[in-house]
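A, B, ... follow the sequence lines: proteins, then strands. Residue 1 opens every chain.
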Amino acid sequence: MRYSQLFGKTIRQDPKDEVSVNAKLLTRGGFIRKEVAGVYNFLPLGLKVLNKITNIVRDEMNKAGGQEILLSALQNKASWEKTDRWNNFDALFKVKSRQETEYALGPTHEEVVVPLVGQFISSYKDLPLYLYQIQNKFRDEARAKSGILRGREFLMKDLYSFHTTEEDFEKYYERMKEAYSAVFTRCGLDAILTEASGGAFSKFSHEYQVITEAGEDEIIYCAGGDFSQNTEIAEVAAGKECDLGHGPLKKVKTIEVGNIFPLKTKFSDAFGLTFKDKDGSQKSVIMGCYGIGISRLLGTIVEVHNDDKGIIWPKSVAPYDVNLIELKSQMANGKTTSQNLKLSGELVYEKLREVGIEVLWDDREDVSAGEKFADCDLIGIPVRLVVSAKTGDQVEWKNRGEEKTELISIEEAIKRLI
RNA sequence: CGGGGUAUAGCGCAGUGGUAGCGCGCACCGUUCGGGACGGUGAGGUCGCAGGUUCAAAUCCUGCUACCCCGACCA
């Protein structure tokens, strides 16, 4: 991609209506732009990152046997009345058609997926079943805040599992823990598996919490990794010695990037989702559900990986592999042009692209070196390559977040990038 | 939903009753060219919306809306 053609410019000053680090940096870098409070548009750079994250999540869900579907965002009011949530789900957006028909704008999809599955499940032979989707969710938050960490519309992956027995559910619950750990690790985050309340229809749930001052949650955990509880249910205090000798428990602020929890037969019973077992008896389907806030995950990555110059994307989710910068050189006749370089930006750009490397090429003609470097740091692509009169027939390599630069051949650069 | 704040050019802001301003950005010209360069010229505004007071309102009054912050809320 040529930077000069890219939709979405960087801006020098912090937007006045943002306070959170994620919204400031993502807005300044040209990744997102706010539509209304709690609702953001994703520009090409932002969508690139979102898609990288989405693909990691999709990969791990598929590995765990998940089948991807896409459910409706506009939902049947009757279903929400059946589960008694039409008037009890605080953040439920409700819309009314010109015919006065009311709908829910989906904040979650039990009300859709359970009746849907009911149309296909009749025997124990149809189970287990794992369905997931990646879709925009709507929640009428009393107060949107923290940039894309808590919006009224946000991208979420939700998976629903359907089982014949409690044992089978528990086995899959453990499988999902592995999948979630893999997702967060691949996204460059250290997410702590934390016990939390189960809400209205389960004794417990598990959350994946990432430590950062920007977090709205609070956990008490052991640095040794054997204990973590959300303070909303924690019965121990910070400072207590870990039972396994890992030292005192700590209390820290965190962002909840995912959660998983048992639904038992709460929704199955509401919709009569049953199956015929081997012995001929009719039984309720056991369910679990598993969510990852994908746009929140993106914001969390920014909160964790940044410095005073901008974002520092982990390689796995970076919008591009390389930010290529071309600086002009002096010609004999006094004119300046990129054509005079031994190794032009154009040539490097094409060579990298030929082997499948994703390149953001800052080909702008009338922009100073300093501005290009500043934008490069702000956007946060992991590797910066510079071609200029100084680099001769080589390229200058620099990792984002490090000061060291080195001159290497284009072949060496390609080798490192693949 | 309670409390507090803000709304003026694309962005960030100044402007307390008398001709609408600054910085950045943008367009054009020239000089620069490895860490957000410089000079010159220029374009760009129903001052959030509606009503009121006044000879005169960005400025005072009333109502509304949007956005931000703190809190409550966050199956």
Would A:E153 and A:R296 pass as an ion pair if we require N to O under 4.0 Å?
no
Interatomic distance where CD belongs to A:E232 and C1' belongs to B:rC73 [whole Å]
13 Å
Look through every strand shown and name the nucleotide pairing with B:rA37 as Watson-Crick or G-U wobble, where both distances are under 3.5 Å.
B:rU31
Does B:rC26 pair with anything, Watson-Crick or G-U wobble, both distances under 3.5 Å, and if so, with which nucleotide?
B:rG42
Is the NZ atom of A:K398 crowded by more than 12 outside heavy atoms at less than 6.0 Å?
yes
Salt bridge present between A:R186 and A:E60 (N-O < 4.0 angstrom):
yes
Could you let me know what B:rA50 is paired to, Watson-Crick or G-U wobble, both distances under 3.5 Å, or none if it's on its own?
B:rU62
A:D366 CG to B:rC38 C1', in whole Å, measures 14 Å
Looking at residues at least two apart in the chain, or sitting in another chain, which of them share a salt bridge (charged side-chain N to carboxylate O under 4.0 Å, His left out) with A:K390?
none
Contact class for A:T27 (heavy atom, under 4.0 Å): base, sugar-phosphate, or nothing?
nothing
I'd like to know if A:R364 pairs up with A:D362 as an ion pair, taking the criterion as any Lys NZ or Arg NE/NH1/NH2 lying under 4.0 Å from an Asp or Glu carboxylate oxygen.
yes
Pairwise C1' distance, B:rA75 and B:rC68 [rounded to whole Å]:
28 Å
Quiz item: A:D14 side-chain donor-acceptor pair to B:rG12 base, under 3.5 Å
no
Work out how far the C1' atom of B:rG15 is from that of B:rA20, and round it to whole angstrom.
9 Å
Ignoring backbone atoms, establish whether A:S368 has a side-chain N or O less than 4.0 Å from OP1 or OP2 of B:rA37.
yes
Verify the distance criterion only: is there a donor paired with an acceptor across the side chains of A:N230 and A:T194 at less than 3.5 Å?
no
Return the 5'-most residue of the pair A:V367, A:R33 with respect to RNA chain B, ranking by each residue's nearest nucleotide.
A:R33
Using atom C1' in both nucleotides, what's the gap between B:rG12 and B:rU6 to the nearest angstrom?
14 Å
Choose from B:rA75, B:rG35, B:rC73 the nucleotide whose nearest atom is closest to any side-chain atom of A:K145.
B:rC73
Counting C-beta onward and ignoring hydrogens, is there a side-chain heavy-atom pair between A:F31 and A:F42 closer than 4.5 Å?
no
Please give, in whole Å, the distance from B:rC33 C1' to A:L327 CG?
8 Å
Roughly how far apart, to the nearest Å, are B:rG44 and B:rA27 at atom C1'?
11 Å
Modelled atom types, side-chain donor and acceptor of A:S79 and A:E111, under 3.5 Å:
no
Considering only atom C1', compute the distance from B:rC11 to B:rG25 and round it to an integer number of Å.
7 Å
Rounding to the closest angstrom, what is the interatomic distance between B:rG21 and B:rA14 at atom C1'?
7 Å
Is A:D375 touching bases, backbone alone, or none of the nucleic acid, heavy atoms closer than 4.0 Å?
base
Rounded to the Å, how far apart are A:R364 CZ and B:rG36 C1'?
10 Å
Would you say the side chain of A:R28 and the base of B:rG36 hold a donor-acceptor pair, judged only by whether the two atoms sit under 3.5 Å apart?
yes
With a 3.5 Å limit on both atom pairs, tell me what B:rU16 is paired to, counting Watson-Crick and G-U wobble, or say none.
none
Rounded off to whole Å, could you give me the CD-to-C1' distance for the A:E371 and B:rG34 pair?
14 Å
Rounded distance in Å between the P positions of B:rG63 and B:rG18:
25 Å
Taking the side chain of A:A374 as heavy atoms from C-beta outward, which of B:rG34, B:rG36, B:rA75 is closest to it?
B:rG36
Check the distance between B:rG34's P and A:K372's NZ and give it to me in whole angstrom.
11 Å
Whole-Å distance between B:rC33 P and A:I325 CD1?
18 Å
side-chain N/O A:R12 vs B:rC11 OP1/OP2, d < 4.0 Å
no
Considering every strand shown, what is the Watson-Crick or G-U wobble mate of B:rG71 when both distances are under 3.5 Å?
B:rC1
If we take the C1' atom in both B:rU59 and B:rU19, what is their distance in whole Å?
15 Å
A:F271/A:F267 aromatic ring centres below 6.0 Å:
no
Between B:rG23, B:rG35, B:rG34, which nucleotide gets closest to the side-chain atoms of A:Q13?
B:rG23
In whole angstrom, what separates A:R384's CZ from B:rG35's P?
10 Å
What pairs of nitrogen or oxygen atoms, one from the protein and one from nucleotides 64-68 of chain B, lie under 3.5 Å apart?
unit_1, atom_1, unit_2, atom_2, d
B:rC67, OP1, A:A37, N, 2.9
B:rC68, OP1, A:K34, NZ, 2.8

